[in-house]
Amino acid sequence: FGTLGRGAVYALAESGARIVAVADEDGCATDPAGLNVGSMLDSPAGTPVPRIASGATLLPREAVFDVPADILLLAASENAICQADAARLVAEVVVVGANGGLPPALEAILEHRGVLVVPDFIGGIGGSASMEVLFGAPVRPAPAQILDGVALLMRELLDDLLERSRVLGSALPAVAAALARDATTATGATDGPP
């Protein structure tokens, strides 16, 4: 429950989402009615989840994959899911926020199960998007304008990728990688990764 996870929980809660589980290496806190994320976010960064989740049911960290939820956000580390976790995952959407948070083989398993996977270079694009909004504007935007601009850019990108995925009948990660390759080729920057 580090910087990315805390930021995502804050943004999701602000938008009205109900956060039903949070996990870190120390355990999983869950409450189907919604966790008290305000008090969790008030705690010092780095405090283990089981110590900051008052009133929640505490379970082993792997239990997060069994929690009924619409979205699972992988925000902590590389290779956050093993094959057994991928086979039992309940969520319908996995958003990979951490770099390398989901190995390609497990991404394929989830896609085969009908789970929508948003790859790490899309799920974790907030930093790049904020630079686009901050430095792409003709006048320096206010903080609220930056946040609104990032949300708009991310929403437009994801909408475009989802539509392309639907039309092409291809998995979202493959469509996103192709779009990145096309954009890289169009700018002439072909000597590195997309």
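Under the 4.5 Å side-chain contact rule for hydrophobic residues, Val167 and Leu162 do not share a cluster. No continuous path of ILVMFWY side-chain contacts below 4.5 Å connects Leu134 to Leu147, so the two sit in separate hydrophobic clusters. If you chain together hydrophobic residues whose side chains sit under 4.5 Å apart, Leu157 and Val94 never meet in one group. At a threshold of 4.5 Å between side-chain heavy atoms, the hydrophobic network of Ile, Leu, Val, Met, Phe, Trp and Tyr places Leu158 and Val150 in one connected group. Hydrophobic cluster membership is shared by Leu161 and Leu116, with clusters built from Ile, Leu, Val, Met, Phe, Trp and Tyr side chains linked at under 4.5 angstrom.
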Before you tell me yes or no, could you show the steps for Leu110 and Leu102 under side chain to side chain contact (heavy atoms under 4.5 Å, CB included), namely the whole-Å CA-CA distance, both residues' side-chain angles and the distance that decides it to 0.1 Å?
CA-CA 10 Å; Leu110 292 174; Leu102 185 62; 3.9 Å; yes
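In this structure, CG on Leu74 lies 4.5 Å from CD1 on Ile81, to the nearest 0.5 angstrom. A distance of 9.5 Å separates CD1 of Ile71 from CD of Glu92, quoted to the nearest 0.5 Å. The distance from atom CG of Leu4 to atom CG of Leu73, rounded to the nearest 0.5 Å, is 6.0 Å.
Taking all atoms of both residues into account, the shortest heavy-atom contact from Asp85 to Ala80 is OD2-O, 4.4 Å. Here the closest non-hydrogen pair linking Ala75 and Ala98 is C-CB, 3.8 Å. Nearest heavy-atom pair, Arg18 versus Gly34, reported as atom, atom and distance to 0.1 Å: CG-CA, 3.6 Å. Of all the heavy atoms in Val175 and Leu168, the pair that sits closest is CG2-CD1, 4.3 Å. Closest approach of Pro50 to Asp26, counting heavy atoms only: CG-O, 3.4 Å. Annotation for Ala53 and Leu58: closest pair CB-CD2, 4.3 Å, computed over non-hydrogen atoms.
Residue Val20 shares its hydrophobic cluster (ILVMFWY side chains chained together at separations under 4.5 Å) with Val67. With a 4.5 Å cut-off between side-chain heavy atoms of Ile, Leu, Val, Met, Phe, Trp and Tyr, the cluster of Leu12 takes in Phe1, Val9, Tyr10, Ile19, Val22, Leu35, Val37, Met40, Leu41, Val49, Ile52.
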Using atom types as modelled, flag every donor-acceptor pair under 3.5 Å from a side chain in residues 117-132 to any protein atom, sequence neighbours excluded.
residue	atom	partner	partner atom	Å
Asp120	OD2	Gly100	N	2.7
Ser130	OG	Gly126	O	3.4
Ser130	OG	Gly127	O	2.7

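For Ala23, the side-chain contact (heavy atoms from CB on, under 4.5 Å) partners are Cys28, Val64, not counting sequence neighbours.
The closest side-chain heavy-atom distance from Asn99 to Glu78 is not below 4.5 Å. Side-chain contact between Val96 and Glu107 is absent, with no heavy atoms from C-beta onward closer than 4.5 Å. Proximity of Pro173 to Glu111: side-chain heavy atoms (C-beta onward) are separated by under 4.5 Å at one or more points.
Residue pairs that meet the side-chain hydrogen bond (donor to acceptor under 3.5 Å, both in side chains) test with at least one member in residues 163-173, sequence neighbours left out, are Asp160-Arg164, Glu163-Arg166. Residue pairs meeting the side-chain hydrogen bond (donor to acceptor under 3.5 Å, both in side chains) criterion with at least one partner in residues 56-76, sequence neighbours excluded, are Asp66-Arg88.
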